[in-house]
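Data first, discussion second: the structure below is written as structure tokens.
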Amino acid sequence: MSAIVSGAEPLPPAGETAGAPQGERLTHVDTLDAVNTLVSGPLLDRRRWRRWWIAMIVASLLTILFFGSMIYLFYEGIGIFGNNSIVVWGYPIANYVWWIGIGNAGTLISSMLLLTHQHWRAAINRLAEAMTLMAVAIAGLMPIMHMGRPLYFYWLAPYPNTMALWPQWRSALIWDFWAILSYLLFSIVFWYTGLIPDLATLRDRAITPGKRIFYGALALGWRNSARHWHIYQTYYRTMAALATPLVCSVHSIVGLDFAASLMPGWQETIFPPYFVVGAMYSGFGIVVVLCAAARWGLDLESLITIRHFELMAKVMLMAGTVMFLSYATEWFSAWYSGRGVDRRFLTFEFTGAYAPLYWIMIFCNCIVVQAFWFRTVRRSLTAIVIISILINIGMWLERILIVWNTLSHHYIASMWRLFYPTLWDWLILFGSLGFFAFLYLLFARFFPVVSIHEVRELVHREAIR
Amino acid sequence: MNDTAASHAAPASRIEISRRTALKLFTGGIAASLAGCSPPAEKNMPYVDMPEGLVPGEPQYYATALPLGGYGRGVIVKAVDGRPIKVSGNPRHPASLGSTDVFAEAALVELYDPERSRDIRGTQPINGWTDFLGELQQWSGKAKRGEAPLHLVTSTVASPTLLGQIAALKQQYPGMRWFAYDPLGDDESARSLIPRLDRASVIVSLGADPLGSGPMQIMASRAFINGRMPESPGGMSRLYAIESTWTLTGANADHRLALPPDKIDALAMEIVGRLEGHPGSPLSLEKGARHFVDQMIADLQGAGAGGLLLPGPMLREETVQAVLQSGKRRGAPLDRAAALPAQLRPEAFAAFEEALHSRKVQNLLLLDCNPAFDAAPDAKFANALKGVPFAVHAGLYDNETADLCRWQLPLSHPLEAWSDLTSADGTVAIVQPLIRPLYDTRSQHEILGFYAGQTAPSGYDAVRQTWNREPQDKGFEDWWRDALVKGVVSGRSPQFTLSAGNAEISPPASSQSPSDASAADGSFVALIQPDPTIYDGRFTNNAWLQECPKPLSKGTWTNAVSLAPEDAAALGASDGDVLAVSSSEGKIEGPLRIDKGQARGVVGLTLGYGRTDAGAIGNGLGYNPRLLSPGFQNVVPGVHVKKTDRRAPIPSTQMHFSLEGDLRKLLPEVAPGGSLPESGPKPSLFGPPQPRDPYSWAMVIDAAACTGCNACVVACQVENNVAVVGPDEVANGRAMHWLRIDSYNIGTAEEPRHGFEPVPCMQCEKAPCEPVCPVEASVHDTEGLNVQVYNRCVGTRFCQSNCPYKVRRFNWFAYNSGQEYKDLGEDPMPARNNPDVTVRARGVMEKCTYCVQRISGARRDAEKADRPIADGELKTACQEACPTRAITFGNLQDKGSKVNARRADPRHFTLLEELGTRPRTTYLARVRNANPKLAGGSA
Amino acid sequence: MAQVFKPRANTIALAILVSVPVIVVLVFIVNYQLHASPYATLMGLYVDQPIPFSHKHHVGDVGLDCRYCHTSVENAAYASLPPTHTCMTCHSQLFTNVAMLAPVRQSLATGTPIAWNRVYKLPDYVYFDHSVHVKNGIGCSTCHGDMSKQPLTVKEKPLTMGWCLKCHRDPGPHLRPASEVFDPHVPDPHNDPQKAVALLRHYVIETGNMTDCSTCHR
């Protein structure tokens, strides 16, 4: 027995004195072993995966659709999208910004909450980090699908070539290229680092030699020695410190894609900050959904408790309110600028062809979330999940409207035109969702969706209190 | 000369092949991705015997002429390696003045059209021309014996050689009858006028459209603008337009009044009466209109001989004559177009129909005309024609008429054949071939030669004989060469020729009487006019002209049914709803276009569409208004309009036409001599850019001189291999024209007016498109050009999204390199491509380059000679084409350059100057010479 | 419980971790070397021709001037290959029935052109003009090497964009007096700063625009 539980011994050093949140407990387990069993149990026992298979089949179908349409896109040319010579940007860009936003939240949660000693993060940070990886990876595909000549995407990279040419460093797209790349690489390392002790646990609890080798190789010989833990903690916290600025930079730079232009509705200094907040906003939305799913799918009710959801709801309430403020600032500065073009643009937003969508967006992003002022709503899982989904719909609308409004209604009246999406636009959007689910299910199948060692730490802390 | 022309065919095919393969490579993008790994083996094929004077890859220029509505316009055609690739105007030719119109520019597409009639069609099995000649022999025999007299049907004939041949045939064949008609209608007397607009100070157009499409368009437009320039002697002329539907003339008028045809007719009589000093009872008009008319007549009387009253085709013949008489008396500057000599006049088409239906016609030759479509598109005619035993149709296309004939003879394109053409003002030009006939075709002269009994007729000889009447004439060869070089004939006159000036035109029996055409009984008056880009249907299969936006509505690929807003509202119809228009004769259906400023009770229809056998491009587009009108009647009273439940939105390149609020500053307007507030470039932190190069190219476009004729748009398309995308893609908003002409509704609700503004790339000095491109495909060069490097572009489209002027165009599909519309990719069509301009691949952004290939050419020539490029030496395609010289292009660093002078003009302004993009393309404001006594006169 | 891994597993793991970045760097380097190598540029490769035409013989031994056959090199973009008639000016007298020249005679008889295989090929989107180079002191051998030493025509230079740019950035060292332009033996580049400056002035060469994209691409 002790051999099996060895992953839990000795108890990891308790963190700094900043205690757990007052009031009710975050977890409903008492022994550390129970944590191990709860989390690693499913991974090592194949009899508990029916739900998973059903979900997997659906996800796979959507994934096939996603790549199918991508192949057709490359074969037939991007004319299959709804773009025209005036509204030259469309769904891929909106999807890109949206996915990046989602990808933002994961590392944000784990790093910022870690640095601010929000111990409740323990139950959700693994989910969030995994989400980051997959979201950013999918986001990375979108610009390639957006390009007219995708086979030359590598020209954005500075590689030595016989043409003696380099990328154009003044372009926000190049900054983007680097931001995404570094963020993706960093997130992988950060996520993997957090995973190592758990992989060791799994290695030790694995019954079949195959599993033992699989997890063992990935665990890189982690032995739970005090020295290991010491190095680990320092290293992990340093990473977290690095992560935080990176998280902000990524989506600020995505904001610059628009802000570094001179088009009405884009050329705004507020874009970088409010893109970051927006990212956190939609990111938490998705985390909520994933937590709910994992909780239900893997019977983790006792680890991911309603208390977690309530805390996340509070964060979203804050973010939603900031979003509202940002919109208001936009409207004000557009009016206050006194420029005809900006005021016309504002009127177009509220009364133009896309106005209904704009109102829906405001409803989803600013109004709905206000329900979180009420404790009952914060503590109702269904309510939180529904609101989170609405928020993400709203955030997607925000992104597509940023593109549509500005490109449809600009300086030269003769060239005003609207965008009408085609089947392929929708396939790419929903296909990408399916692909995300596909990746996520794979992750949930082979890795602990909750950080075992950190929850152990949390349980221990709550136990000794 | 003949040899040179002939020997071109060989290299033509050679280049074509090598280009095709090259294009294919380029398309896949493999050209770059394989960057050499294994470049496909490419062959170099030198001549066996190089034609004299030909340098491979270097352009050659030939002067010739192209017909429109029968009349000729002198042109100079550029050929590279024997392929004609660009048509431009011939400065020596008065009907061209160095400029072109859309039809001349697009003539190349006709030449290379894969659907041209290639082989003679008739008996089965076919032995080509021999079968035909055999049969022809029997029938000429009969004809000579008077058993089956020859019937010849042509459209307007303006070729002295052709006239001579016809005259000769009349000698040869007793009882031969010649019929000719103009598809536009039988109202020549009003149509064939040459208004000397530069000599008029007050112009009143009564439904006339001198600035609209037609053989005189270039002449008239240039004259009009010459009389409009503020600096022009005798001040600036004032144009009143009274018309039923919008025409280019109305769009360029200072004052415009919309009236139905019958009212215009009555008004014409009233005006004439008052000018002649015996006013009758004034026509009843509502108050505003009455005031307008009175002031206008006062203005007209004040102008004396400078007052020009211009009758339109929709007037009754009597009215037209009356107007012309009074004009003559007052010495108004108005001439008649060249007309056929009295001794050689064709019969009217009606006479032919009569003969045909009375089964008198057995031996029939239809020469380059398509009556089954444009004259009598009815079953009765079709059956009668089918019944003609020896019906021969000679034409470029195997068209509707050809289908009904026993024989279809493929005709050579004007760029493939020898001929001569008289222009509307009587100038004659020799037509010389640029390329050997692509297929086994014959020219009109050669076909008439067959009828004259020659076994191997040569157009070349026929034309030379016409001009060389005394056999041993020493001076002829020099004269001939000179005529060919100049492109204009002088000092000699053939036996039969058209003469301009005051030639008498016999008033045809005018069946129409618009007076009974009142909308009282809820019925409408249909007004049929030539289409601004398709004309009479001769160009229906021409993709460039189909995609060229109609000047005012910006619609493409179909003709519309236009109504006044009130009438449309009464029908409960909106733009794009399909309307059914029916008359006693027939019924048509077309999409509605609501035209603010069209006369109530009038349905505007245009010719040229509704063809069933035009070819893949032109088939099944639009409707044929001739179905409504017997004969050539252009004003059809008593038509009924019903709204169907179908919709067919018109593919349009522009969606928003009005300029509310401060948008108006996009197109400022001043009074004569007026000026705009001074506005130099704003101070910049970086200071003005320091040119590292002796040239800084810039363009100034005079909005006051732009009549919206579209010549520049098509010229740009030809010069720069700009793709045609087809109706669906235009509807998707993906038209590729680099140069667009924005058309705006300006003026008031009472008096709506139109304004045109050509918009090429602004070539900004601080270009917003440049810093955003991640791969430096959009970069600045040292001459100030904002260049687009196609082979570097990866298609992020950041440049266009950040372009305030939206002048960039994106290849959503391989429009020109593999995914062409319909048959546009088939040989020999790709041979039209300009070899000096890259054919853009899919997924690449493109835009106006100021014709950088021409700049580079001029620059290389200058560098070879170690001299600078002189001002005016270098012209962009749009500048070259513009009939009104609205576009100026030149070097800013040459202080004396014309472009600098224009930039100093008080009317000078910059589009969206407040953005600080410092465009190199700038504008001169519109000028409106309003009558102070009229509404809006204060403008 | 038995150990899953032997001690050397540590080394392997370490090696894998280290090799990842190394491989990435290698990919860049190898890719560049590959594209710069004759494998991609075909530099220094002979191409078989329907007739084994020897520049070595005609230029080196006989001493024909380039312009005798490539007539338009001074006033057109294309140097142009000689029409069959040009060959026959001599070969109607010399080697009149050598088997090697059968294709030439046949071409003349049948009127079908001789199909030479391209050696110097630029992509379609590159607009190179011989005349402006030749007229401004760039010798034939600068790009084509010493033709008088080539029995079969060989691609002497890589013709990559980088290679073009090297000269366009600093043309001076490659310029020659007009008298030497068609001399195949002149060494290139000459390393004589004074000469470079003098020639730049003599040919009135504006180096300002020589690296503009629009100079070669349109």
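All values reported here derive from a predicted model rather than from experimental measurement. To find a chain, count down the sequence lines: A is the first, B the second, and so on, and within it residues start at 1.
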Practice item. Determine yes or no for a side-chain-to-main-chain donor-acceptor pair under 3.5 angstrom, with A:R149 supplying the side chain and B:V844 the backbone. Key: no

Point to revise | B:S778 versus chain A, the contacting section by heavy-atom distance below 4.5 Å | key: neither

Exercise for review: Please report the shortest heavy-atom distance between A:M415 and B:T653, naming the atom on each side.
Suggested key: CE-O, 3.7 Å

Review point. More than 12 foreign heavy atoms under 6.0 Å from NZ of B:K665: is that the case here?
Key: yes

Exercise for review: Compare every heavy atom of B:F810 with every heavy atom of A:G148, then report the nearest pair and how far apart it is.
Suggested key: CA-CZ, 3.8 Å

Study note, to complete from the structure: For residues 724-744 of chain B, the salt bridge (charged side-chain N to carboxylate O under 4.0 Å, His left out) pairs (sequence neighbours left out) are B:E729-B:R734, B:R740-B:D742

Check your understanding: Is it true that a side-chain atom of A:H410 and a backbone atom of B:P804 form a donor plus acceptor pair closer than 3.5 Å?
Key -> no

Study note, to complete from the structure: Of B:E770, B:R808, B:Q654, the largest count of non-hydrogen pairs under 4.5 angstrom with chain A goes to B:Q654

**Study point:** Inter-chain contacts: residues 656-663 of chain B against chain A, heavy atoms under 4.5 Å
**Key:** B:H656, B:S658, B:L659, B:D662, B:L663

Review point. How long is the span from the CD atom in B:Q800 to the CD1 atom in A:I86, to the nearest 0.5 Å?
Key: 5.5 Å

Practice item. Would you indicate whether the side-chain heavy atoms of A:S85 and B:R809 approach each other to under 4.5 Å? Key: yes

Practice item. Can you tell which part of B:A777 gets under 4.5 Å to a heavy atom of chain A, answering side chain, backbone, both or neither? Key: neither

Check your understanding: In terms of heavy-atom proximity below 4.5 Å to chain A, should B:V730 be classed as side chain, backbone, both, or neither?
Key -> backbone

Point to revise | Considering all heavy atoms, the nearest A:A172-B:F798 contact | key: CB-CE1, 4.3 Å

Check your understanding: What part of A:Q267 lies closer than 4.5 angstrom to a heavy atom of chain B: side chain, backbone, both or neither?
Key -> neither

**Study point:** B:P768 portion near chain A, given a 4.5 angstrom heavy-atom threshold
**Key:** side chain

Check your understanding: Do you know which of B:G843, B:G795, B:G733, B:P774 has the most heavy-atom pairs with chain A at a distance under 4.5 angstrom?
Key -> B:P774

Exercise for review: Evaluate the side-chain proximity of B:V772 to A:Q168: yes if any heavy-atom separation is below 4.5 Å, no if none is.
Suggested key: no

Check your understanding: Looking only at heavy atoms, what is the nearest atom pair of A:N83 and B:W812, with distance?
Key -> CB-CH2, 3.1 Å

Review point. Do B:R797 side-chain atoms and A:V87 backbone N/O form a donor-acceptor pair below 3.5 Å?
Key: no

**Study point:** Flag if over 12 foreign heavy atoms under 6.0 Å of CZ, A:F67
**Key:** yes

Review point. Would you say the side chain of B:L912 lies within less than 4.5 Å of the side chain of A:I412, judging by non-hydrogen atoms?
Key: yes

Check your understanding: Counting heavy atoms not belonging to A:Y159, are there more than 12 under 6.0 Å from its OH?
Key -> yes

Exercise for review: List the atom of A:Y411, the atom of B:L666, and the distance in Å for their closest heavy-atom pair.
Suggested key: O-CD1, 4.0 Å

Exercise for review: Could you tell me which non-hydrogen atom of B:N802 sits nearest to which non-hydrogen atom of A:S261, and how far apart they are?
Suggested key: OD1-CB, 3.0 Å

